[in-house]
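Heads up: the structure comes next, in structure tokens.
Letters A, B, ... mirror the listed sequences (proteins, then strands); counts begin at 1. A quick note: this is a predicted structure, and the numbers were derived from the prediction, not measured.
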Number of protein chains: 2
Amino acid sequence: MEKNEKKILPCDDKCPVKASLSLLAGKWTMMIIFQIGDDVMRYGELKRAIPSISEKMLIQELNMLVANKLVSKKAHPEIPPRVEYRLTDLGLKTIPIIDKLVEFGKENLVKL
Amino acid sequence: MEKNEKKILPCDDKCPVKASLSLLAGKWTMMIIFQIGDDVMRYGELKRAIPSISEKMLIQELNMLVANKLVSKKAHPEIPPRVEYRLTDLGLKTIPIIDKLVEFGKENLVKL
DNA sequence: TCAGGTACTTACTAAAAAGTTAGAATTGTT
DNA sequence: AACAATTCTAACTTTTTAGTAAGTACCTGA
């Protein structure tokens, strides 16, 4: 048993990194979650908060997040329409990930 | 000042989320970092640890990580070649991100 | 009546990312 | 002499992702 000392546990389909990324890996996904945080945000507010996102990507990502139960949506029956998005309990559990991402970015990448 | 109560700080190019993702967002990037952890790993070990990655993507990502100073590379002048990869100090600082990703995946996504 | 704000939807295009396949260089082993 | 192991490299194709531009519907205020 001198050789092959290193135990490698291969990343298969049950890899938790892969599983988490399957929900969060989109170009805009984490930025949207970051912006919502523990607030309520309207579609238009998110649009202004992420100026470079296209409307298509914004609703597409929001719909995906709602479908995956990270975000909940409440449409108020008013004119003009008012639609509110907030993180679900599951979505709130992704906040620590984003926090660490922010911390890393601030401390190592974003020049002051 | 009754209207427009909510302060929105737009995500521009200095957004730390965006900055971090510019390094880490690739399909395989975080899985490679996860596998290296605080060990030393050879190219071939990584290949076996992530069986579904193609060789092209593996070296491409490793080169990218080396170029971005998250990973250091040491090639031993031997035959057959032995090349070792490990996380740099900067790379080690991404571990908390991956830890949270793993935690979220394990607790909420990966079925037992 | 006409632009403006709200929250989308749809069709099409372009760009980015990843996959496939083949091969190179070296030396030891059979 | 052929083959295996190791760490790549390069050309090409496919798939995935994102961007663009236009349009819908509703009501309000000018």
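- Counting only heavy atoms from C-beta outward, the side chains of L58(B) and Y43(B) approach each other to under 4.5 Å.
- V110(B) and L21(A) fall into different hydrophobic clusters, where Ile, Leu, Val, Met, Phe, Trp and Tyr are joined by side-chain heavy atoms under 4.5 Å apart, directly or via other members.
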Return a single string for nucleotides 3-13 of chain D, one symbol per nucleotide in 5' to 3' order, where B is base contact, S is sugar-phosphate-only contact and - is none, cutoff 4.0 angstrom on heavy atoms.
---BBBB-B--
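- Note that CZ of F104(B) is 6.0 Å distant from CD1 of I97(A), once rounded to the nearest 0.5 Å.
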Which donor-acceptor pairs under 3.5 Å do side chains of residues 26-33 of chain A form with protein atoms, sequence neighbours excluded?
residue : atom : partner : partner atom : Å
T29(A)  : OG1  : G26(A)  : N            : 3.3
T29(A)  : OG1  : E61(A)  : OE1          : 2.5

Between side-chain atoms of residues 63-75 of chain A and protein atoms elsewhere (two or more places apart, or another chain), which donor-acceptor pairs fall under 3.5 Å?
residue : atom : partner : partner atom : Å
N63(A)  : ND2  : I59(A)  : O            : 3.3
N68(A)  : ND2  : M64(A)  : O            : 3.3

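- Checking M57(A) against I79(A), the closest nucleotide of DNA chain D that is more toward the 5' end is the one next to M57(A).
- S20(B) contributes no side-chain N or O that, together with a main-chain N or O of V17(B), makes up a donor-acceptor pair within less than 3.5 Å.
- For DNA chain C, the contact window with chain B, defined by any atom under 4.0 Å from a protein heavy atom, covers dA18(C) to dT27(C) in 5' to 3' order.
- Residues of residues 19-31 of chain B having a heavy atom closer than 4.0 Å to DNA chain C, listed by number: G26(B), K27(B), W28(B).
- I53(A) has its CD1 atom 17 Å from the P atom of dA21(D), to the nearest Å.
- The CE atom of M41(A) lies 10.5 Å from the CG atom of L62(A); values are rounded to the nearest 0.5 Å.
- For the pair R42(A)/R82(A), a side-chain contact is recorded, criterion being any heavy-atom separation below 4.5 Å from C-beta on.
- Within the 4.5 Å cutoff, the side chain of L101(B) has heavy atoms near those of the L24(A) side chain.
- Salt-bridge annotation for E45(A) and K47(A): absent, with no side-chain N of the basic residue lying under 4.0 Å from a carboxylate O of the acidic one.
- The shortest side-chain heavy-atom distance between L92(B) and T88(B) does not fall under the 4.5 Å cut-off.
- Two residues are said to be in side-chain contact when any heavy atoms from C-beta on lie closer than 4.5 Å; F34(A) and I95(A) fail this criterion.
- Stem regions for DNA chain C, each three or more consecutive Watson-Crick or G-U pairs with both distances under 3.5 Å and listed by first number, read C:1-30 with D:1-30.
- Across all non-hydrogen atoms, the minimal contact from P96(B) to K100(A) is CB-CD, 3.7 Å.
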